[in-house]
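Written below as structure tokens is the structure these notes are about.
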Amino acid sequence: MTVFLVGAGPGDADLLTVRAARLLARADVVVHDRLVERSVLELANSNADLIDVGKAPGAFTSQSIINDLLVSLGQNYDCVVRLKGGDPFVFGRGGEEMMALREAGVACDVVPGVTSAFSGPLAAGIPVTHRTLSRGVTVVTGHLANDDDGYFRRLANPDITLVILMGVARRDAIASQLIEGGLSRATPVAVIENAWTERQRETRATLTELGVLDVASPAIIVIGPCAALSLRDVLVDTRAIT
Ligand SMILES: C[S@@+](CC[C@H](N)C(=O)[O-])C[C@H]1O[C@@H](n2cnc3c(N)ncnc32)[C@H](O)[C@@H]1O
């Protein structure tokens with residue numbers, strides 16, 4: 001009896017790991033989030049129960065209820081797959097769920113996933129690091145822009161790429177704080193919505209325009225010189241091949 005915390009990748013089912021696909025095929029139960037694409041769920045064993053604990057408005061399941069559910073399923077089924085978008089441990093609360101399972105004495109294992117933090121930009125042809133343009137990458141949640149302490153002011157650094165998850169609702173505050181912190185208003189920005197799905201959409205702008213961009217969640221916001229790159233035209237669409 002084991003609960004597997006499994007990454008579903010950013011969208012396209014081809015971006016699952018082989019191990020994730022194998023586990024889905026033998027799962028008794030799959031407990032999944034809202035951002036997991038239908039094409040990924042279709043890889044689950046046809047006898048498996050699929051439980052949606054998606055955190056969409058109106059369909060909120062609290063984390064403690066999810067933890068209790070995983071403990072109880074783990075005590076009763078041989079193979080429980082807890083399937084989370086991207087990587088379970090990048091803003092995915094994988095650590096909290098693992099601790100709850102450990103505390104209850106339920107065996108668990110992990111399968112990393114392709115995180116949207118890095119693969120989302122790449123879907124628009126943006127490498128998050130690129131020699132001469134960026135010395136590194138910082139991944140943060142946009143929720144931090146709610147804080148009065150001006151967290152994003154301290155993230156203003158023209159030498160790194162800033163990748164922001166869950167930032168759409170706070171894009172105006174994020175842009176203002178980064179500009180207050182000293183980042184140029186002309187800094188390139190890219191927003192990639194629904195990366196690696198058929199609904200993918202990308203928007204290019206500058207930091208001064210970020211606050212008023214017409215974009216919606218789920219999206220990745222990329223800020224920095226790399227956000228001006230668009231290497232998509234030199235890529236072959238491998239989805240046609242695989
Ligand atoms: C709760 S976080 C989960 C992140 C996930 N664990 C990962 O590693 O990608 C949800 C946020 O991830 C981002 N996200 C996840 N999948 C995405 C996708 N396919 N396209 C764009 N953004 C995505 C969005 O910022 C979304 O609001």
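Predicted model, so just to flag it, every value in this text is computed and none were measured. For this chain, numbers begin at 1 and follow the sequence in order. For ligands, and for the atoms within them, numbers begin at 1 and follow the listed sequence.
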Would you say [X] touches ligand 1, if touching means a heavy atom closer than 4.0 Å?
{"X": "Lys84", "value": "no"}
{"X": "Pro10", "value": "yes"}
{"X": "Trp196", "value": "no"}
{"X": "Ile220", "value": "yes"}
{"X": "Gly11", "value": "no"}

Counting each atom of ligand 1 from 1 as listed, which ones have a heavy atom of [X] under 4.0 Å away?
{"X": "Ile192", "answer": "21 (C)"}
{"X": "Phe91", "answer": "1 (C), 2 (S), 3 (C)"}
{"X": "Ala219", "answer": "21 (C), 22 (N), 24 (C), 25 (O)"}

Discussion item. Salt bridge check, Arg185 against Glu209: does any charged N sit closer than 4.0 Å to a carboxylate O?
Written reply: no
Practice prompt. Look at atom OH of Tyr77 and say whether more than 12 heavy atoms of other residues, nucleotides or ligands are closer to it than 6.0 Å.
Written response: no
Fill in: Heavy atoms of other groups near Arg135 CZ, more than 12 under 6.0 Å
no
Worksheet item: Is there a side-chain contact between Thr203 and Arg201 (heavy atoms, below 4.5 Å)?
Response: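 They are in contact (side-chain heavy atoms under 4.5 Å apart), so the answer is yes.
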Fill in: Ser134 and Thr129 side chains, donor-acceptor separation under 3.5 Å
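Short answer, no.
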Measuring from [X]:[atom1] to [Y]:[atom2], what's the distance to the nearest 0.5 Å?
{"X": "Arg34", "Y": "Asp52", "atom1": "CZ", "atom2": "CG", "result": "9.5 Å"}
{"X": "Leu155", "Y": "Leu162", "atom1": "CG", "atom2": "CG", "result": "5.5 Å"}
{"X": "Leu229", "Y": "Leu133", "atom1": "CG", "atom2": "CG", "result": "5.5 Å"}

Shortest protein heavy-atom distance from [atom], along with the residue and atom involved:
{"atom": "atom 4 (C) of ligand 1", "result": "Val90 O, 3.4 Å"}
{"atom": "atom 20 (N) of ligand 1", "result": "Ala195 N, 2.8 Å"}
{"atom": "atom 5 (C) of ligand 1", "result": "Gly85 O, 3.2 Å"}
{"atom": "atom 27 (O) of ligand 1", "result": "Met166 CG, 3.3 Å"}
{"atom": "atom 26 (C) of ligand 1", "result": "Pro218 CB, 3.9 Å"}
{"atom": "atom 10 (C) of ligand 1", "result": "Leu35 CD1, 3.8 Å"}

Fill in: Atom of Arg204, atom of Ile126 and distance for their closest heavy-atom approach
NH1-CD1, 3.6 Å
Discussion item. I need the minimum non-hydrogen distance between Leu213 and Arg171, along with the two atoms involved.
Written reply: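 Between these two residues, the closest heavy atoms are O-NH2, 2.9 Å.
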Worksheet item: Under the criterion side chain to side chain contact (heavy atoms under 4.5 Å, CB included), which of Ile220, Val163, Thr138 is the partner of Val128?
Response: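 Exactly one pass, corresponding to Val163.
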Mode of [X] contact toward ligand 1 - side chain, backbone, both, neither (heavy atoms, under 4.0 Å):
{"X": "Asn194", "value": "backbone"}
{"X": "Thr197", "value": "neither"}
{"X": "Pro88", "value": "neither"}

Worksheet item: Heavy atoms only: which of Ala169, Ser116, Gly94 is nearest to atom 14 (N) of ligand 1?
Response: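 Nearest heavy atom to atom 14 (N) of ligand 1 lies in Ser116.
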